[in-house]
Every structure is written in C-alpha cells, then in structure tokens.
Amino acid sequence: MPVVRSVLTWLQAAPVEDPVEFRHAPAIQFLLLFMMVTLPLNWAYHLLLVKTPVRPDMAIDLAVDVMVWTTALLCVRLIRQGRLRRAVQWFVTAMLVALAVMYLSIGLTRQMLDQTYPVLTIVLGGLILGRRSLWLIYGLIVLMMWGGGIVDVVHLTARAYPRPWLGAANAPSMSMSYFVITLVLDRCVWAMRAALQEARQSAGLLLAANEALRTEMEARERAQDMALHAHGMETVGRLSAGIAHDVNHLVAIVEGAAERSRSLDDPAQLRALIRDIGGAATRARELVRRLTAFARRGGTSPERFDAARAVADIQPVLRQIFPPGVDVDVESAAPSMVWMDRSHFDLAIVNVATNARDAMGASGRFAVKFSWSDRGNTRGVNVEMADSGPGMSEAVRVRACEPFFTTKPTGEGTGLGLAMVKDMLVRNSGELTLTSVPGVGTTVGLWLPERGEDAAPAPLRVLVVERDEGRRDASVVSLEEMGCIVVAVAGPAEAGALLDHLADDLDVILAGEPLKGWGDLAVVALQRTAAADVAARDAVKGFRARGPLAAA
C-alpha cells in the first residue's frame with residue numbers, strides 16, 4: 001500500500017551514521033510511535049468502555065504513563081536528528097524511573113500482571129547501549145522487584161495477614177527468570193557484535209588485498225607497456241637499414257632535381273622540378289613518419305583511413321623485412337575504410353610480417369589478401385596475411401597470442417608481437433584470428449569494423465602573400481591540390497587593402513614576411529573567424545612543413 005510504503009520510507013530516513021544503529025532506527029522509532037498511540041488508547045479503553053473504577057493509585061499510573069509518553073515523543077525527535085543512542089538512553093532511564101515508582105508504590109504482586117516495561121527496558125539496553133548497560137539495567141530491575149516485594153510484605157503485615165512474607169515470595173523466581181532473559185540476550189548481542197567485528201576486519205583485509213592487487217596490476221601494466229615499447233624499438237632497428245636505403249634514394253632525386261634547376265630558366269620546367277622535389281620530399285617524410293610512429297610511445301591518435309591503401313603504402317617496408325628469396329605478394333583491393341591509429345595498424349602488419357620472416361627463413365612466400373565479413377550486425381574488413389612456413393601445432397597456436405609466450409630460443413624473441421597486435425585490435429573493436437597447419441603455413445587475420453564516410457570538411461580559405469612570383473605560384477598550386485580556396489597577392493600593401501574587405505571571409509594567411517598589424521609569424525590564423533579552428537591551423541602547419549613556404 002502507498003501509505004505503508006511512505007511510512008517505511010520515513011522510518012528508514014533517520015540520519016543515523018553508525019551502520020548498526022541505522023538498522024535499528026526504524027524498529028525503535030516504530031516502537032516509540034506505537035507506545036505513543038497505544039498508551040492513550042489503553043486509558044480510553046479502561047475508563048470509557050470497561051468502566052474501570054477510579055482508584056487512588058491510578059493517579060500514579062497515569063502520571064507514569066504521561067512521563068513515558070512525553071519521553072517517547074522526545075526520543076523520536078532525537079532519532080530524527082541522528083542521535084539514536086542518546087534517545088535510547090533517555091527512554092531506558094524513563095522506563096526505569098517508571099518501574100521504580102510502580103514497584104515502590106503498588107508493590108511486586110500487582111506489577112506481575114504486565115511485564116512489558118521490564119522486558120522492553122532490558123532488550124533496548126542490550127541491543128543499543130552494550131553489555132555493561134544491560135547487566136546494570138538487570139541489577140536495577142532486580143533491586144526494584146525486591147523493593148516491591150518488601151512493599152507487599154509491609155502492606156500484608158499492616159493488614160495482620162498470617163503469612164506476610166508471601167508478599168516477597170515471587171521475587172527470587174522473578175530474579176532468576178530475568179537473569180535467564182538477560183543472559184540469553186547478552187550472548188546473542190555478543191555473538192552479533194563479534195560477527196560484525198570479524199566482518200569489518202575481513203573487509204579491511206579485503207580492501208588491503210584489493211589495493212595490493214590493484215598496485216600489482218598497475219605495475220604489471222607498466223612493465224608490459226615498457227616491454228611493448230621495447231619490442232617496437234626492436235622492430236624499428238630491423239627496419240632502419242632498409243628504410244635508410246629508400247631515404248637515400250629519395251634524397252638523390254632531390255639532389256638531381258636541384259642540380260638540373262641551375263641550368264634552367266623556363267618557369268614551367270622549374271615548376272615541374274619543384275613538384276618532383278615536393279613529391280620526393282613528401283614520400284621521404286611519410287617514410288620517416290612511419291618509422292618514428294613505430295618507435296612512438298604515448299597516447300593513440302585514431303583516424304579514418306583505407307586499410308588496403310595503408311598496406312600498399314607500407315609494401316616497400318614489407319619488402320625490406322624479408323630476404324630476397326621470399327616472394328611478397330600484396331593483393332590490390334577496393335577501398336575499405338576503418339577507424340584506428342594508423343601507426344598502430346602499420347605496426348601490426350609489420351609485426352605479423354616479422355614473425356612470418358622468422359618462421360620461413362631464407363625462402364618462401366608471404367601474401368596479403370583482403371575480404372569482407374560480418375561480426376553480428378557489423379560489417380568489417382579482413383586483412384589476411386599467410387606465410388609458407390612450417391606452421392604451428394594446436395598447442396602452440398592456442399598460446400601464440402599470450403604475452404611473453406615464444407617458441408624462439410632464449411634471447412631471440414620477446415613473445416610480445418602477436419599479443420601486442422591482438423591488444424591493439426581489441427581496443428578498436430577488432431579481432432585477431434590465427435589458423436595454422438603444420439607443414440603448410442600460418443594465416444593471421446586482422447578484422448576491423450568498417451567506418452562510414454565522414455562529412456567532408458569545409459575547404460580552407462587561404463591568403464598567400466609572397467613577393468617572389470615563382471614561389472607564390474608554387475604555393476597556390478600546392479594549396480589548391482590540398483583542397484584550399486586560395487587568394488594570392490604580391491606584397492603586404494595589396495594584402496592590407498584586401499584584408500580590409502575580406503578579413504572575415506579568410507581562415508589563414510600564409511606570408512613570406514611579417515605583416516604589419518597581423519603579427520610576426522609567417523603563418524597567421526584569424527582567431528575572430530569561426531572557421532579558424534585547431535584543424536585549420538594544423539592543416540596549414542602541415543602544409544608549411546612540406547610546401548614551398550617552409551623556409552619563409
């Protein structure tokens with residue numbers, strides 16, 4: 001019922017901090033409220049319905065019940081303030097005062113008809129106030145009982161009763177009965193508090209063990225990151241010789257073009273040479289970028305790229321990994337866009353290729369093929385790399401992706417290659433599959449979900465300020481190839497006149513010399529335009545690093 005749920009919610013909302021007392025708070029509040037309701041109803045029942053004769057000693061009963069009712073109201077208020085222990089102390093004190101008054105005024109015999117107050121006082125004292133308070137309450141109640149018995153003996157003696165000592169005859173049995181109740185309650189409370197203490201100690205030990213485990217896991221993760229980085233550096237070392245050869249070849253192209261340019265005066269031929277130099281420099285930069293990406297340590301930079309194109313781009317690197325007797329066959333495939341850190345993808349391909357080289361030795365075949373398959377409702381691309389090595393047994397295949405597992409001799413392998421590849425794929429919602437037939441070869445499959453086409457960014461609007469006509473034309477050509485909208489002027493004066501009208505329509509200025517009023521940088525981003533964001537600045541910085549204005 002909604003009313004019952006509301007009452008229960010209210011009772012459980014007492015702001016008691018101690019967890020044990022918090023659990024007792026609803027029941028104690030209910031008990032106090034119950035007494036506040038039943039005491040007036042009990043008096044109304046006896047006086048109005050039963051017509052109980054009014055005796056002189058009933059005034060004492062009424063006064064005691066009023067005191068208990070008032071104390072119960074005060075205790076409810078204390079509990080709603082979070083002071084449950086103080087509330088129980090006040091209520092137990094009021095109950096003991098009431099019992100003392102009743103025993104010493106009307107004796108023991110008449111009090112035996114209702115044992116609610118003595119039992120309730122002992123139970124509350126034992127549950128909330130502790131063992132010492134429990135036995136103190138028991139001792140006080142026994143003294144009150146004997147005092148009530150003495151009062152009964154005095155009354156019987158005054159009436160000349162033949163055996164007045166019978167007035168205290170029930171005191172020993174009542175004392176023993178309450179002793180048993182107190183003892184049982186003491187043992188139960190002790191067992192409950194001991195169990196709670198053990199639970200708290202166990203929780204403390206568990207927290208300490210959990211903290212130690214977390215620290216150990218963090219240490220292991222750091223050690224694994226360091227080992228993975230070391231493995232990447234090992235891969236870089238293997239690639240350095242081959243890449244150095246390719247870089248030297250590109251440098252020779254640049255040097256040859258520069259040498260030919262000295263004997264040419266035709267602007268068209270000079271522009272062609274500049275484009276050749278730019279192309280060679282771009283290929284060299286990409287080659288070095290991949291090499292440094294393999295050795296890079298730090299956060300990832302995921303991007304959308306074509307997996308097939310990425311494998312084709314690093315085909316020269318793959319060729320350098322294998323000896324001349326190994327055929328490297330990279331299948332051409334339709335565009336397959338994926339989302340991953342490009343350097344991690346390249347490193348995964350290189351790691352698999354390195355393992356294949358070690359397995360095949362001086363001769364064999366390494367083939368890369370592409371296919372498409374679904375995982376659940378997600379379509380993805382498979383990059384399958386097969387070698388013609390000796391293959392693996394089932395026991396080795398099952399453990400091949402475990403960190404630090406290797407079949408190579410000591411000192412020749414870290415056992416981290418496939419483990420690192422699998423970890424990078426899983427982080428990007430991908431999967432690694434491994435199939436192998438002894439005597440036939442091994443196939444490693446990398447599956448990554450396809451990434452839909454992103455919205456095309458707005459073209460960058462660039463103002464080129466350059467006095468030299470050749471460099472200005474080369475800058476315009478390079479920027480337009482990058483997809484920029486370009487306006488070119490010959491000097492600061494023309495730029496100033498143009499900026500007065502078009503400043504709000506431009507994103508970036510590329511200047512071969514400082515522009516007055518626009519800072520001392522060769523590249524100035526107009527911060528007051530919405531399009532001059534981080535992506536625009538990064539694009540122009542990339543252009544400066546490889547374009548004709550790099551030396552501006």
Side-chain angles (χ1 to χ4, degrees), residues 4 7-40 42 64-103 111 114-145 174-204:
V4 175
V7 172
L8 291 176
T9 302
W10 183 82
L11 292 175
Q12 294 171 353
V16 180
E17 295 183 359
D18 185 85
V20 177
E21 293 181 359
F22 177 78
R23 290 178 174 84
H24 289 313
I28 294 176
Q29 291 179 94
F30 177 78
L31 172 65
L32 295 174
L33 294 173
F34 179 79
M35 294 189 68
M36 290 173 60
V37 173
T38 55
L39 283 177
N42 183 57
V64 166
D65 286 346
V66 170
M67 180 191 67
V68 172
W69 189 93
T70 305
T71 305
L73 177 62
L74 173 64
C75 292
V76 170
R77 180 178 177 83
L78 289 174
I79 295 175
R80 301 310 298 180
Q81 295 175 352
R83 301 158 66 185
L84 182 134
R85 191 175 187 83
R86 178 60 60 85
V88 173
Q89 289 174 344
W90 276 97
F91 189 70
V92 168
T93 301
M95 298 285 280
L96 290 173
V97 172
L99 287 172
V101 172
M102 297 300 293
Y103 278 124
Q111 278 293 108
D114 186 2
Q115 297 297 313
T116 303
Y117 279 13
V119 173
L120 185 58
T121 304
I122 289 177
V123 171
L124 286 177
L127 287 177
I128 305 301
L129 303 182
R131 299 177 64 196
R132 181 179 298 180
S133 297
L134 171 64
W135 287 104
L136 176 62
I137 293 169
Y138 166 74
L140 293 174
I141 290 177
V142 168
L143 289 176
M144 294 175 193
M145 289 180 178
M174 294 288 293
S175 300
M176 292 302 299
S177 298
Y178 275 89
F179 175 79
V180 173
I181 294 174
T182 304
L183 180 62
V184 172
L185 182 62
D186 175 61
R187 292 295 88 192
C188 291
V189 172
W190 176 84
M192 180 187 69
R193 292 187 180 274
L196 179 61
Q197 183 64 24
E198 291 177 359
R200 287 177 174 174
Q201 292 177 352
S202 299

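Keep in mind the model is a prediction, meaning the values are calculated, not measured.
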How long is the gap from [atom1] on [X] to [atom2] on [Y], to the nearest 0.5 Å?
{"X": "M102", "Y": "Y117", "atom1": "CE", "atom2": "OH", "value": "8.5 Å"}
{"X": "D65", "Y": "M35", "atom1": "CG", "atom2": "CE", "value": "8.0 Å"}
{"X": "F91", "Y": "I79", "atom1": "CZ", "atom2": "CD1", "value": "10.0 Å"}
{"X": "L140", "Y": "T121", "atom1": "CG", "atom2": "OG1", "value": "10.5 Å"}
{"X": "T71", "Y": "L73", "atom1": "OG1", "atom2": "CG", "value": "9.5 Å"}
{"X": "L124", "Y": "L134", "atom1": "CG", "atom2": "CG", "value": "11.0 Å"}

For R187, enumerate each residue passing the side chain to side chain donor-acceptor pair (under 3.5 Å) test, keeping only those at least two apart in sequence or located in another chain.
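Scan of R187 (side chain to side chain donor-acceptor pair (under 3.5 Å), adjacent residues dropped) gives none.
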Which pairs pass salt bridge (charged side-chain N to carboxylate O under 4.0 Å, His left out) with one or both residues in residues 126-138, sequence neighbours excluded?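 Every pair satisfying salt bridge (charged side-chain N to carboxylate O under 4.0 Å, His left out) with a residue in residues 126-138: R131-D186.
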Any heavy-atom pair between the side chains of [Y] and [X] that's under 4.5 Å?
{"X": "R77", "Y": "R80", "result": "no"}
{"X": "T38", "Y": "W69", "result": "no"}
{"X": "L96", "Y": "I141", "result": "yes"}

Which atoms form the tightest heavy-atom contact between [X] and [Y], and what is the distance?
{"X": "H24", "Y": "I128", "value": "CD2-CD1, 3.6 Å"}
{"X": "A72", "Y": "M36", "value": "CB-CG, 3.7 Å"}
{"X": "G126", "Y": "L185", "value": "CA-CD2, 4.2 Å"}
{"X": "S175", "Y": "Y138", "value": "O-OH, 3.0 Å"}
{"X": "L32", "Y": "C75", "value": "CD1-CB, 3.7 Å"}

Exactly one of I122, L120, I137 clears side chain to side chain contact (heavy atoms under 4.5 Å, CB included) with M95, and that residue is L120
Quick one: side chains of residues 9-22, donor-acceptor pairs under 3.5 Å with protein atoms, not counting sequence neighbours, listed by atom name and distance.
{"from": "T9", "atom 1": "OG1", "to": "R5", "atom 2": "O", "distance (Å)": "2.8"}
{"from": "D18", "atom 1": "OD2", "to": "V20", "atom 2": "N", "distance (Å)": "3.1"}
{"from": "D18", "atom 1": "OD2", "to": "E21", "atom 2": "N", "distance (Å)": "3.0"}

### Task
Might you confirm whether atom CH2 of W90 has over 12 heavy atoms from other residues, nucleotides or ligands at distances under 6.0 Å?
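No, not enclosed.
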